[in-house]
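Bear in mind the structure is a predicted one, so any value in this text is a computation, not a measurement. Chain letters run A, B, ... following the sequence lines, proteins first, then strands; residues in each count from 1.
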Protein chains: 2
Amino acid sequence: MARRRKLTNPLGLAVLAMLMGGPMHPYQIARLLKHRGKDDSIKIRYGSLYTVVQNLERQGFVEAEGTVRAGHRPERTVYRLTDDGRRELEDRIRELISEPVKEYPIFTSALSLVAVIHPDELAGLLAERLQVLEIEIAATTGVVDHAVAHRLPRLFLLETEHGLAMKRAEAEWVRGLMRELADGTFPDLKFWRAWHETGEFPGELADTDWAQADQAVLIQREAYHAPPPGRTDRPGEAEQPGQAEREVDETD
Amino acid sequence: MARRRKLTNPLGLAVLAMLMGGPMHPYQIARLLKHRGKDDSIKIRYGSLYTVVQNLERQGFVEAEGTVRAGHRPERTVYRLTDDGRRELEDRIRELISEPVKEYPIFTSALSLVAVIHPDELAGLLAERLQVLEIEIAATTGVVDHAVAHRLPRLFLLETEHGLAMKRAEAEWVRGLMRELADGTFPDLKFWRAWHETGEFPGELADTDWAQADQAVLIQREAYHAPPPGRTDRPGEAEQPGQAEREVDETD
DNA sequence: CTCCGTATACTCGTAACCGAATATACGTGA
DNA sequence: TCACGTATATTCGGTTACGAGTATACGGAG
């Protein structure tokens, strides 16, 4: 048997779950997943599906039970779940439920680089985002209401409810930040504006310990470095918005 | 110039942002990012860094300004940000702030397949998750407090505050679900338990319209199919936990 | 009856990611 | 002074993801 590694691929796990209802060929698995609305929480791409299914077979989590063909269409392989596959599925779901996994949402990444945007412009961008979020929240609420009306058990709606809770939390956070930007209670707004408008990092912040620690990282062992970065003939280019960040260490 | 595509790679955007402070070589960019704690919101891997930097160069967002060497160490290329790169960075950050991007968090995926777990066991797994979440929340709160004490501007903490808000929301949601599982107010608990304990899908749900729509998806044009999946010699194997999901269509 | 859009079903070539390896240099402890 | 662990700095080979292409078949409209 091929060397087996832990399966954490969501599409792979979904394939195993669908096969618990009986053998199927890959395209049919995808069709069932989409029909059940699982494509909202699991990325389903045909390009990946066949590779994922082959990997599951190689790892012994599924096995081919035959190939059928209708006319001259591409033939299709029907797969069944193995006992190992069922165990792996259950073990992985347990693990994914009980242990948070470190992820890097793209909005969080963008927020960490948001200093490159003028604060007044940021307010407008957040307003746009909030509009879209509110539409998504309304749409998802509609989905939940419709499901309830059709007696779909909440067991099959947990991921939708969770997603809804997270969207609501993000909308709330965005509203709070917008409020602070609008009424001027967001601290250091003057410095942020000035930084964009003059292109120079404010002097009164340059002597804080984190700003100096920042500089220290830039200036490493001199014997090994090119001239210090940022030292160009253009005044003010150094310490542009987008850098001079905090040096606070965080636990991962 | 190479054909340019929109840059949405977070590491690429982070590289551009760091270069706003002046030219640097790749390893130094990574060091500065880590020093500023950006590795908490942006995945930084040396294996990807050099490829990403080369792609940025090919796309004209950065340009090499020279190669230096100290002793017999590997030589290193110093890169500078171009005007195109600065524009691309600002444009992409605007877009990522204003338009939510569809993502597939692994916990949401796991929730969509959670029917394979017995509800009593699920309660315990959620309790474990909640414990870890509360530790992470405490740790992140400590990071924020420490940063504030060191006069780090909140501008440089937005992604941490946002992350904190999202963790709190998830913890709240997990507590709510645990409460419903514990006090029995979660609907259909009996059916979920019975499904696991007998291995048979409850008869009273089998005639709901979504359950029948589910069956319809499984039974497609008969001329093209192998015998219906799940029809095996083992009684009860069809309709195992993990399938028989909702057929409610959601907007993407 | 014919044609065309869509459904069914699968695959390939390319791009991206990254773990682990490589090589030199420095600093600290014995 | 020497040795070793760690820092600095980059690269390679393997794996995964997937957009777009391929081919056959069906159903509806004209």
Donor-acceptor pairs under 3.5 angstrom involving side-chain atoms of residues 8-18 of chain A: please list them, not counting sequence neighbours.
| from | atom 1 | to | atom 2 | distance (Å) |
| --- | --- | --- | --- | --- |
| Asn9(A) | OD1 | Leu11(A) | N | 2.9 |
| Asn9(A) | OD1 | Gly12(A) | N | 3.1 |

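Note: NZ (Lys34(B)) to P (dT8(D)) measures 11 Å, nearest angstrom. To the nearest angstrom, C1' of dA17(D) lies 13 Å from OH of Tyr104(B). If you take CD of Gln59(A) and P of dT15(D), they are 12 Å apart, rounded to a whole angstrom. Atom pair Gln54(B):CD and dC12(D):C1' shows a separation of 12 Å (rounding to whole Å applied). Regarding Asp39(A), its CG atom lies at a distance of 14 Å from the P atom of dC18(D), rounded to whole Å. Per the geometry, OH belonging to Tyr50(A) stands 18 Å off P belonging to dG21(D), to the nearest Å. As a whole-Å value, the separation of Ile44(A) CD1 from dC10(C) P is 15 Å.
The existence of a salt bridge linking Lys102(A) and Asp40(B) is confirmed by a sub-4.0 Å separation between a basic side-chain nitrogen and an acidic carboxylate oxygen. Here Arg86(A) does not pair with Asp83(A) in a salt bridge; the nearest charged N to carboxylate O distance is not below 4.0 Å. Here Arg87(A) does not pair with Glu90(A) in a salt bridge; the nearest charged N to carboxylate O distance is not below 4.0 Å.
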Atom pairs, protein N/O to nucleotides 14-18 of chain C N/O, distance under 3.5 Å:
| from | atom 1 | to | atom 2 | distance (Å) |
| --- | --- | --- | --- | --- |
| dC17(C) | OP1 | Asn9(B) | ND2 | 3.2 |
| dC17(C) | OP2 | Asn9(B) | ND2 | 3.3 |
| dC18(C) | OP1 | Lys43(B) | NZ | 2.9 |
| dC18(C) | OP2 | Ser48(B) | OG | 3.3 |
| dC18(C) | N4 | Gly47(B) | O | 3.4 |

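Expressed to the nearest 0.5 Å, how far CD1 of Ile106(B) lies from CD of Glu103(A) amounts to 6.5 Å.
Listed by first and then second residue, the ring pair (Phe, Tyr, Trp, His ring centres under 6.0 Å) pairs that reach into residues 87-110 of chain A are Phe107(A)-His162(B), sequence neighbours excluded.
Side-chain nitrogen and oxygen atoms of Tyr27(A) include none within less than 4.0 Å of the OP1 or OP2 phosphate oxygen of dC10(C).
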